[in-house]
Enquirer: 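First the structure, which I've put down as structure tokens, then a few questions once you've had a look.
Order of the sequence lines sets the chain letters (A, B, ...), proteins ahead of strands, with each chain counted from 1. No experiment lies behind these values; they were computed from the predicted model shown.
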There are 2 protein chains.
Amino acid sequence: MPDDRFRRFPHDHYPPGMKRAPSGILPIIAVDRRSPVPLYRQVYEGYREAIVDRRLRAGQRLPSTRSLASELGISRIPILGAFEQLLAEGYFESRVGAGTFVAHSLPDEGPPPDAREMARGAAAQVRPGKRVVSRASELLSPTAAPWLGGHGAFRLSAPALDPFPFQVWSSLMARHSRNPTRSQLAYGDPMGYRPFREALAEYLRTSRAVRCEPEQIMVVSGSQQALELSARVLLDPRSPVWMEEPGYAGARDVLTMAGARLVPVPVDEEGLDVSAGIARCANARAAYVTPSHQYPLGGTLSATRRLQLLDWAQRSGAWILEDDYDSEYRYESLPISALQGLDRDARVIYIGTFSKVLFPALRVGYLVLPADLVPRFARVRDAMDIFPPTLFQAVLTDFITEGHFARHLRKTRQLYRERRTVLVDALTRELGGTVEVLGARAGMHLVAALPKGFQDRAISERAAKEGLWAMPLSACYLAGDSRQGLVLGYGGTDARRIPDAVRRLRKVILAGRAGSGAPRR
Amino acid sequence: MPDDRFRRFPHDHYPPGMKRAPSGILPIIAVDRRSPVPLYRQVYEGYREAIVDRRLRAGQRLPSTRSLASELGISRIPILGAFEQLLAEGYFESRVGAGTFVAHSLPDEGPPPDAREMARGAAAQVRPGKRVVSRASELLSPTAAPWLGGHGAFRLSAPALDPFPFQVWSSLMARHSRNPTRSQLAYGDPMGYRPFREALAEYLRTSRAVRCEPEQIMVVSGSQQALELSARVLLDPRSPVWMEEPGYAGARDVLTMAGARLVPVPVDEEGLDVSAGIARCANARAAYVTPSHQYPLGGTLSATRRLQLLDWAQRSGAWILEDDYDSEYRYESLPISALQGLDRDARVIYIGTFSKVLFPALRVGYLVLPADLVPRFARVRDAMDIFPPTLFQAVLTDFITEGHFARHLRKTRQLYRERRTVLVDALTRELGGTVEVLGARAGMHLVAALPKGFQDRAISERAAKEGLWAMPLSACYLAGDSRQGLVLGYGGTDARRIPDAVRRLRKVILAGRAGSGAPRR
């Protein structure tokens with residue numbers, strides 16, 4: 001039965017190891033009924049050419065002759081003839097009960113090429129010519145930081161995944177995927193899905209003392225996109241912007257790409273030094289701040305400075321970008337109210353994210369906007385990426401309103417408190433005379449500050465080789481004169497593994513003092 | 001049993017209508033053990049203040065006294081006392097078997113405020129001051145187009161949702177949500193999820209004749225973000241860019257916001273007039289084209305012009321942005337090969353999306369990049385929004401490799417072919433003497449061009465009042481001298497409803513000739 005060979009099987013019946021066999025997608029084959037070339041020959045040559053061209057690859061599954069005939073609008077006879085010939089010549093092979101495939105024996109690519117290699121290869125192949133890219137994209141420093149090269153102990157921004165209620169989550173996913181409403185599938189509001197914004201508004205009012213209505217909330221893919229959108233709407237090229245020094249490199253990237261002039265403003269244990277900011281650049285267009293838990297040093301912006309910052313913003317006509325990235329975790333008191341809640345002049349753009357309280361691959365964050373800026377943010381968002389995916393928002397709405405979110409926050413707060421305590425104890429025990437622990441009252445990271453004579457970048461590079469992902473504090477500085485230290489994440493590191501990781505880190509740090517070149521100044 | 005009143009119930013046991021009752025999220029209440037004010041009084045006043053301040057709202061559910069006690073680090077006794085008093089005074093109310101809530105009888109907000117009203121209200125409340133926004137955001141025209149105000153007959157970019165295999169989809173969703181790997185939850189590659197890029201590369205090589213390796217593919221949220229990223233990487237302020245005239249407003253928005261100088265280049269039935277482009281601006285930095293199915297007129301870029309365009313790009317050092325937005329649907333021949341497949345000089349940035357072949361709320365699209373641009377695109381993407389959500393990519397990988405995607409394409413191609421035929425027949429029958437049908441060989445929309453004397457914007461506005469969502473052709477032009485017509489989507493309109501919708505459209509169009517002011521010139 002020649003037919004059987006080309007019949008397609010439902011995927012459940014694939015033999016093991018064939019799941020990744022593709023899909024019966026129809027290739028582009030030119031068939032011209034008016035051509036003097038017989039149809040079976042056209043099909044044969046079309047396939048042979050696609051294989052020689054490497055558009056079709058070894059092992060790739062072919063569509064059934066029936067669907068091919070129907071798509072090409074010709075009878076199956078010439079297709080069966082062409083397939084017979086391609087089988088006979090070894091271009092195709094058939095497997096009983098599985099279908100017809102491009103022959104495995106054909107030479108294939110070998111290991112997948114590395115992108116950089118490809119770039120070299122491509123550059124060699126293509127004719128020489130101008131290849132001009134934007135100046136803004138050239139301002140970004142490369143990110144290939146060794147301390148971001150893996151997952152494991154001390155990795156920043158890695159939340160604990162084990163306590164996440166995956167059963168609840170997947171049943172909410174399935175519920176919303178099975179019977180979506182039409183409006184959950186179509187183009188949506190650039191501000192986000194309305195019920196989710198209502199749930200968020202309630203959460204933010206209750207738990208963060210943010211003053212807001214659902215109309216002011218825009219759902220985005222995380223704090224990075226929130227910053228990007230804010231820069232798009234609020235900044236012009238060369239607008240001066242206050243940046244915490246040291247501060248968050250992600251914010252620095254966004255502001256750099258927007259062409260802003262970054263003004264480093266020092267921070268201390270009370271957070272941003274507002275007076276220093278005013279002295280350096282009173283007419284800044286905006287200020288970027290992390291008031292609840294300064295990134296990376298961990299200070300809390302004091303009440304006096306909060307009022308001073310809001311007052312400066314109103315007097316000078318500046319915007320405040322409040323990045324409240326991990327405020328839900330505070331271990332020695334209840335969470336601190338958001339700066340936004342104190343603002344009476346609608347100067348604060350409030351930014352939050354689920355990347356840390358749930359998990360990063362979700363890509364859900366939010367902005368709380370001054371009401372008069374809502375139409376403008378919505379318009380720019382529409383031009384940038386139209387609207388956020390609806391399903392996650394619908395699922396998160398239930399996740400919040402049914403109480404799972406509050407429960408997860410409580411569970412992880414308890415867990416991170418424990419991990420933090422274990423880490424602080426281990427650092428004190430192993431490195432008490434060397435490092436000073438900063439910013440351990442909140443969040444999912446702390447700083448182990450190093451005395452002069454240590455070079456944090458060199459330490460981080462060596463630590464990465466040991467599978468310890470400690471970020472150098474100096475990487476958070478804009479200007480040259482930086483404090484040395486290690487920014488250590490503990491959210492994703494099991495408490496039982498922390499003491500050993502600290503012992504290994506101790507070795508790397510102390511080797512750093514002896515070896516690796518001259519002290520810093 | 002006072003305890004029972006405050007106990008929380010799992011959401012399944014909520015009485016009907018209480019699903020939206022929130023979440024037991026802990027409010028910010030200051031409790032100071034050293035204060036002379038008794039603890040129960042502090043809790044009582046904290047809640048009363050939050051309610052008076054409207055941070056807590058009528059009907060909102062309160063956390064259990066047990067979890068509140070644990071969070072505040074105090075005993076339950078003062079909390080029970082405070083709750084008793086708040087209940088007695090009518091701030092709280094309790095419902096048997098459901099928990100404790102902020103009283104429904106408290107005055108609440110009434111209907112949710114409209115964003116524009118809020119903006120006015122906010123402007124009235126806040127102290128006057130400078131509120132400077134970016135010049136780029138002011139260049140965008142408002143989008144409040146009446147023809148985008150609803151969903152129904154002729155709405156553009158609305159795919160058919162009924163044939164989508166939701167059962168398959170939701171079981172893939174549940175499968176991937178239940179047992180995700182660690183790497184599927186953590187921060188991912190700015191280029192996207194590797195297995196998905198492999199499946200995409202195979203699909204694009206096979207079905208679109210795109211020359212690519214997985215390394216060149218970047219996953220984005222749709223063609224809009226693909227354009228936005230391309231503009232970021234490739235264009236500087238005032239870079240001249242060819243724009244199809246008439247063309248796609250979404251691309252115009254991106255290029256406008258990037259500060260590019262838009263050069264309108266006319267299109268005809270062979271697509272973009274490359275010679276006219278060269279004559280107008282030979283040194284453009286980039287050209288935006290829709291070669292498979294020109295948007296909106298529907299022409300296919302001819303072979304001669306394809307080669308001419310590629311040759312110009314190589315000679316002048318320009319980039320080509322190929323937006324292949326609906327090429328999978330072609331009714332009188334197999335799909336046309338992508339322009340990218342002809343490019344030997346790595347000049348083409350290829351853009352595709354799942355918004356039309358699956359559904360828009362998915363927010364998944366992709367770029368195929370010249371290999372030498374990969375590191376730069378990845379870096380800019382990292383700065384813009386880091387990486388795309390992983391789950392949809394994992395699900396789509398299975399959806400493609402298990403054959404569901406190919407099956408859905410075949411089903412919808414058949415469906416759209418039928419809808420198109422019914423629409424063309426109805427237009428010919430009802431409006432044959434008046435309109436000329438353009439671009440009906442492919443895609444999910446066609447153009448009903450109108451003779452002089454008709455004003456398409458006025459017709460579209462009236463049609464919207466009748467629930468007919470026809471976009472005016474003139475809205476697709478950059479320059480003033482535009483052809484009049486209606487862009488009619490048929491992907492989301494049931495074939496049985498099309499004849500009646502066309503009869504109603506006929507009335508609106510013919511009323512347009514008689515009434516609505518003078519002819520256009």
Enquirer: Looking at G317(B), G129(B), S137(B), which has the largest count of heavy-atom pairs under 4.5 Å with chain A?
Expert: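 Among G317(B), G129(B), S137(B), the one with the most close pairs to chain A is S137(B).
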
Enquirer: So among D253(A), L140(A), V133(A), which one has a side-chain contact (heavy atoms from CB on, under 4.5 Å) with V380(B)?
Expert: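 The passing option is L140(A).
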
Enquirer: Take the angle between the ring planes of F166(A) and F359(A) and call it parallel below 30°, perpendicular above 60°, tilted in between.
Expert: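 Tilted, since the angle between the ring planes falls between 30° and 60°.
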
Enquirer: Go through the atoms of L362(B) and report whether side chain, backbone, both or neither lie under 4.5 Å from a heavy atom of chain A.
Expert: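 It is the backbone, since no side chain atom gets that close.
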
Enquirer: Who pairs with Y203(B) by ring pair (Phe, Tyr, Trp, His ring centres under 6.0 Å), at least two apart in sequence or on another chain?
Expert: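 Once residues adjacent in sequence are excluded, the partners of Y203(B) under the ring pair (Phe, Tyr, Trp, His ring centres under 6.0 Å) criterion are F405(B).
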
Enquirer: So which residue, F392(A), F164(A), W169(A), ends up with the most heavy-atom pairs under 4.5 Å with chain B?
Expert: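 It is F392(A).
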
Enquirer: With chain B as the partner, which of G188(A), P180(A), G250(A) has the greatest number of non-hydrogen pairs under 4.5 Å?
Expert: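 Of the candidates given, the most pairs with chain B belong to P180(A).
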
Enquirer: Would you say R131(A)'s side chain and A346(B)'s backbone share a donor-acceptor pair under 3.5 angstrom?
Expert: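 Pair found, side chain donor or acceptor close to backbone of A346(B).
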
Enquirer: Determine the option with the most heavy-atom pairs under 4.5 angstrom with chain A, choosing from Q414(B), Q225(B), R155(B), R376(B).
Expert: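 Top option by heavy-atom pairs under 4.5 Å: R376(B).
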
Enquirer: Has the side chain of W319(A) got a donor or acceptor atom that lies under 3.5 Å from a matching backbone atom of V132(B)?
Expert: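 Checking the backbone N and O of V132(B) against the side chain of W319(A), a donor-acceptor pair under 3.5 Å is found.
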
Enquirer: Who wins among M173(B), R178(B), Q184(B) for the most heavy-atom pairs under 4.5 Å with chain A?
Expert: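 Most pairs with chain A among the choices: R178(B).
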
Enquirer: Looking at R135(A), I want to see if its CZ is surrounded by more than 12 non-hydrogen atoms of other residues, nucleotides or ligands under 6.0 Å.
Expert: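 Not more than 12 within 6.0 Å, no.
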
Enquirer: Highest number of heavy-atom pairs under 4.5 Å with chain A: which of M384(B), E228(B), R363(B), K130(B)?
Expert: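 When all of M384(B), E228(B), R363(B), K130(B) are compared, R363(B) has the most.
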
Enquirer: Name the member of M191(A), H176(A), E138(A) that forms the most heavy-atom pairs with chain B at distances under 4.5 Å.
Expert: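 Most heavy-atom pairs within the cutoff with chain B belong to E138(A).
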
Enquirer: Parallel, tilted or perpendicular for F399(B) and H404(B), by the 30°/60° rule?
Expert: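 It falls in the tilted class, 30° to 60°.
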
Enquirer: Test your reading of the model: is there a side-chain donor-acceptor pair from S207(A) to the backbone of L204(A), 3.5 Å cut-off?
Expert: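 Side chain of S207(A) to backbone of L204(A), a donor-acceptor pair under 3.5 Å: no, none is there.
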
Enquirer: So which part of L235(A) gets closer than 4.5 Å to some heavy atom of chain B, the side chain, the backbone, both or neither?
Expert: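 For L235(A), the contact with chain B is made by the backbone alone.
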
Enquirer: Which residue out of R232(A), Q167(A), R413(A) racks up the most heavy-atom pairs below 4.5 Å with chain B?
Expert: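 That would be R232(A).
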
Enquirer: Which atoms of R315(B) are under 4.5 Å from chain A, going by heavy atoms: the side chain, the backbone, both sets, or neither?
Expert: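 The answer is neither part of R315(B).
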
Enquirer: Relative to chain B, which segment of A158(A) carries a heavy atom at a distance below 4.5 Å: side chain, backbone, both, or neither?
Expert: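 Neither part, no heavy atoms under 4.5 Å.
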
Enquirer: Using a cut-off of under 4.5 Å on heavy-atom pairs, state which of A378(B), A231(B), S157(B) scores highest against chain A.
Expert: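 Looking at each option in turn, the highest pair count goes to S157(B).
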
Enquirer: Grab the two heavy atoms, one from M257(A) and one from A383(B), that are nearest each other, plus how far apart they are.
Expert: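 Here M257(A) and A383(B) meet closest at CE-CB, 3.9 Å.
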
Enquirer: Which one of P237(A), A186(A), S355(A), G341(A) has the most heavy-atom pairs closer than 4.5 Å to chain B?
Expert: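 So the answer, after comparing P237(A), A186(A), S355(A), G341(A), is A186(A).
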
Enquirer: With chain A as the partner, which of V233(B), N179(B), V210(B) has the greatest number of non-hydrogen pairs under 4.5 Å?
Expert: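 Of the options given, most contacts go to V233(B).
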
Enquirer: Determine the option with the most heavy-atom pairs under 4.5 angstrom with chain B, choosing from A174(A), A318(A), S134(A).
Expert: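 Top count of heavy-atom pairs under 4.5 Å with chain B: S134(A).
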
Enquirer: Rounded to the nearest 0.5 Å, what separates atom OG1 in T397(B) from atom CD in E402(B)?
Expert: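 Nearest 0.5 Å value for the OG1-CD distance: 10.0 Å.
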
Enquirer: Just jot down the ring pair (Phe, Tyr, Trp, His ring centres under 6.0 Å) partners of F377(A), sequence neighbours excluded, or say none.
Expert: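 For F377(A) there are no ring pair (Phe, Tyr, Trp, His ring centres under 6.0 Å) partners, ignoring immediate neighbours.
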
Enquirer: Side chain, backbone, both or neither: which part of L185(A) has a non-hydrogen atom closer than 4.5 Å to chain B?
Expert: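 Backbone plus side chain of L185(A), per the 4.5 Å heavy-atom cut-off to chain B.
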
